[in-house]
**Q** 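One structure, as structure tokens, below. Some questions next.
Because only heavy atoms are used, hydrogens play no part in the values below, and waters and symmetry mates are left out as well, while side chains stay in. Every chain is numbered from 1 and lettered A, B, ... according to where its sequence line falls, protein lines coming before strand lines. The model shown is predicted, which means the values in this text are computed figures rather than measured ones.
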Number of protein chains: 2
Amino acid sequence: MNTKDLAYFNDLISQKSFSKVAQNFGVSQPTITMAIKRLEADFGAPLVIRDRVHNAIHVTPSGEQLAVHAKVILRELDLAHQEIINLTQNRLVLGLPPIIENYYFPKVSARLAAAGLLDSLETVEGGSIWLRQAVRNGQVDMTLLGSVEPLAYQDLVAEEFDRQPFCIYVSAEHRLAQRKRIYFNELRGEDFVFFNSNFIHNTAFTQLTRRNHFQPKIVFRSNDMHVLMKLVAENIGVAFLTKIIDQPAENVVRLDLLDPEPPEFITSIVYRTNHLLTPQQAQLRQILHEALDQSKTNF
Amino acid sequence: MNTKDLAYFNDLISQKSFSKVAQNFGVSQPTITMAIKRLEADFGAPLVIRDRVHNAIHVTPSGEQLAVHAKVILRELDLAHQEIINLTQNRLVLGLPPIIENYYFPKVSARLAAAGLLDSLETVEGGSIWLRQAVRNGQVDMTLLGSVEPLAYQDLVAEEFDRQPFCIYVSAEHRLAQRKRIYFNELRGEDFVFFNSNFIHNTAFTQLTRRNHFQPKIVFRSNDMHVLMKLVAENIGVAFLTKIIDQPAENVVRLDLLDPEPPEFITSIVYRTNHLLTPQQAQLRQILHEALDQSKTNF
DNA sequence: CGGATATTATTAATATTATTGATAGTATAA
DNA sequence: TTATACTATCAATAATATTAATAATATCCG
């Protein structure tokens with residue numbers, strides 16, 4: 001059976017039009033008619049019902065069933081192509097959320113260089129939602145992801161390699177600056193500086209504000225952590241960030257949260273379940289895991 | 001791309017011989033040579049290395065990578081065929097471990113009949129390991145499975161629908177017969193009657209004997225629960241069985257276990273992740289879940 | 001109603017692709 | 001060296017896919 005037929009079929013399911021599928025693939029319309037016929041003959045069942053009365057196409061139960069498998073098959077094929085291209089070109093495409101890159105990457109780069117991995121390593125920055133998608137569809141081979149809950153996906157392997165609490169950063173002149181530990185509740189009424197858009201920080205932050213029943217006042221937003229830190233230093237507002245910030249800027253104090261079950265920033269290495277790690281990828285994974293052991297004791 | 005080529009390739013990986021693959025598929029040897037060449041051209045990388053010195057074939061990293069995906073693709077195709085056959089023939093093949101069949105099936109059969117499902121329902125009996133395999137490879141569409149741990153597989157959906165403790169059954173003349181509850185430890189030195197081979201009972205039983213550090217003496221084995229019950233009644237030995245036994249035979253007393261965290265018999269409905277439930281299958285699932293609610297309150 | 005439009009099916013011709021038989025090439029073992 | 005085992009090559013053939021042309025079917029709308 002030709003996978004082209006499955007691709008035609010898959011497109012037909014969403015386009016609901018033989019001629020549109022033909023256009024999309026740059027083939028003539030009878031080609032699609034024939035392809036669907038071949039599939040129907042192969043599976044011994046009608047896959048679509050040509051409802052000419054309503055000028056529509058209905059997918060039969062058999063068609064629905066096949067559609068699920070067709071999608072899997074086409075995805076696997078696509079991934080195989082991309083993976084083999086990266087493999088032969090000695091490319092290792094690694095997804096990195098900016099915050100993780102900032103903290104963990106400097107720690108491992110020496111080892112990566114020593115292992116000769118830096119040459120073939122190609123990093124792609126992006127938010128965790130985008131990177132999750134990217135590792136799914138093969139744009140990246142592996143990715144680091146931050147999350148509040150442990151990751152569990154059926155098509156992705158997620159190996160947690162670190163877990164750090166979220167903290168509050170305030171100016172040295174702030175009323176709470178002398179404290180080491182506070183309850184999130186004590187921040188009611190504070191001005192916050194916060195990320196523009198950061199899925200994990202948002203999730204964790206919302207979790208805490210909901211639990212404590214208050215609506216935080218965010219006076220400034222930026223995607224640059226260093227900008228946020230400077231604003232904290234100038235006492236414009238307080239920041240809610242992970243503990244994985246090497247050294248808070250001058251004039252900034254870090255406060256731990258005393259809340260029971262505070263949200264944690266979980267970092268994981270993620271790759272596709274059906275992806276065989278190349279020696280390089282296995283090595284990268286190893287180095288990241290090892291770097292963790294070091295960083296854990298360093299805290 | 002033709003899936004036949006992937007089938008040839010997949011077989012080549014395990015056979016490591018072009019001619020054997022040709023034989024297996026009943027085609028000529030150049031067909032395989034050509035098929036592999038097509039794949040290599042398509043993926044732009046050598047997939048196997050023909051090592052004529054050692055008269056062997058080595059799979060390249062690209063080949064290994066493709067092999068993983070090829071297996072998935074061939075499996076999906078195979079499942080699609082089987083599922084569509086069952087769908088069009090209005091067959092619903094349900095796997096049933098004997099013990100679950102004994103207890104749960106009578107409870108739901110009235111509802112199944114009312115829903116008109118009994119006609120199309122075809123049951124397959126088998127042990128839980130065999131049935132898990134059968135649902136994976138499409139021999140059955142859905143299956144009930146017993147287990148000691150909650151089931152979690154990436155390619156299978158497992159919905160727990162009941163959970164019952166394991167119990168001890170003794171003769172009314174047995175020294176412990178007057179007790180309602182005992183510790184497993186108190187059975188040290190007892191004669192047991194036990195299943196010949198039953199994965200779940202074995203797992204749970206071993207768990208308890210290990211925890212209590214004793215080697216149970218099994219004086220008789222059978223795969224028929226009723227036979228075991230009769231032997232218990234005659235005080236030949238004591239039995240370790242699930243609580244889901246409608247009415248212990250005459251002259252038999254059931255004792256609950258007092259041990260902390262005693263193993264439980266978990267029953268789940270299991271089907272393939274990539275399988276779209278047909279209306280019938282969805283109905284069966286619904287009825288099983290509903291029947292549970294009833295059976296739960298009945299205890 | 002009837003013609004314009006849109007869509008899918010059919011068909012015969014053509015183009016593409018897969019398979020084969022025959023045989024060459026390469027290495028091993030005896 | 002010869003026999004044996006395995007894979008590659010190649011030209012011929014078989015099988016399959018695609019196409020252009022057109023038929024068939026239904027809608028829309030004046």
**Q** Hey, does the Lys NZ or Arg CZ of A:Arg136 hover above the aromatic six-ring of A:Tyr153, less than 6.0 Å from the centre and inside 45° of the axis?
**A**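 Cation-pi check for A:Arg136 and A:Tyr153: passes.
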**Q** Among residues 30-43 of chain A, which residues get a heavy atom nearer than 4.0 Å to DNA chain C?
**A** A:Pro30, A:Thr33, A:Met34, A:Lys37
**Q** In this structure, how many angstroms lie between the C1' atom of D:dA8 and the CZ atom of B:Arg50, rounded?
**A** 9 Å
**Q** Looking only at atom types and distance, does a side-chain atom of A:Glu83 sit under 3.5 Å from a main-chain N or O of A:Gly138, one as donor and one as acceptor?
**A**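 No, because the side chain of A:Glu83 does not come within donor-acceptor range (under 3.5 Å) of the backbone of A:Gly138.
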**Q** In residues 6-22 of chain B, which residues come under 4.0 Å of DNA chain C by heavy atom?
**A** B:Tyr8
**Q** Which atom pair, heavy atoms only, marks the closest approach of A:Val68 to B:Leu276?
**A**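 So the two residues come closest at CG2-CD1, 4.1 Å.
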**Q** Over how many whole Å does the gap from A:Ile57 atom CD1 to D:dA26 atom P extend?
**A** 15 Å
**Q** Regarding B:Arg75 and B:Asp155, does a basic nitrogen lie under 4.0 Å from an acidic carboxylate oxygen?
**A**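 Between B:Asp155 and B:Arg75 there is a salt bridge, with a charged N closer than 4.0 Å to a carboxylate O.
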**Q** Of all heavy-atom pairs between A:Val48 and A:Ile57, which one has the smallest distance, and what is that distance?
**A**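 Answer, listing the atom of A:Val48 first, then A:Ile57: CB-CG2, 3.8 Å.
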**Q** Going by the angle between their ring planes, with limits at 30° and 60°, are A:Tyr104 and A:Phe161 parallel, tilted or perpendicular?
**A**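 Rings of A:Tyr104 and A:Phe161: perpendicular, over 60°.
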**Q** For residues B:Asn223 and B:Asn196, is any side-chain donor paired with an opposing acceptor at under 3.5 Å?
**A** no
**Q** Using chain A heavy atoms and a threshold of under 4.0 Å, write down where along DNA chain C the contacts begin and end, 5' to 3'.
**A**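 Span of nucleotides near chain A: C:dT7 to C:dT11.
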**Q** Could you state the atom-to-atom distance from CD of B:Gln29 to P of D:dT9 in whole Å?
**A** 11 Å
**Q** Taking all non-hydrogen atoms of both residues, which atom of A:Leu39 and which atom of A:Asp5 are closest, and how far apart?
**A**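 Smallest interatomic distance, heavy atoms only, reads CD1-O, 3.6 Å.
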**Q** Salt bridge or not for A:Glu40 and A:Arg50, using N-O below 4.0 Å?
**A** yes
**Q** Locate the shortest heavy-atom distance separating B:His289 from B:Ile269; write the atom from each residue and the value.
**A**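 For B:His289 and B:Ile269, the tightest heavy-atom pair comes out as NE2-CD1, 3.7 Å.
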**Q** Taking CD1 from B:Ile49 and C1' from D:dT7, how many angstroms apart are they, rounded to a whole number?
**A**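 For the pair B:Ile49 CD1 and D:dT7 C1', the rounded distance is 15 Å.
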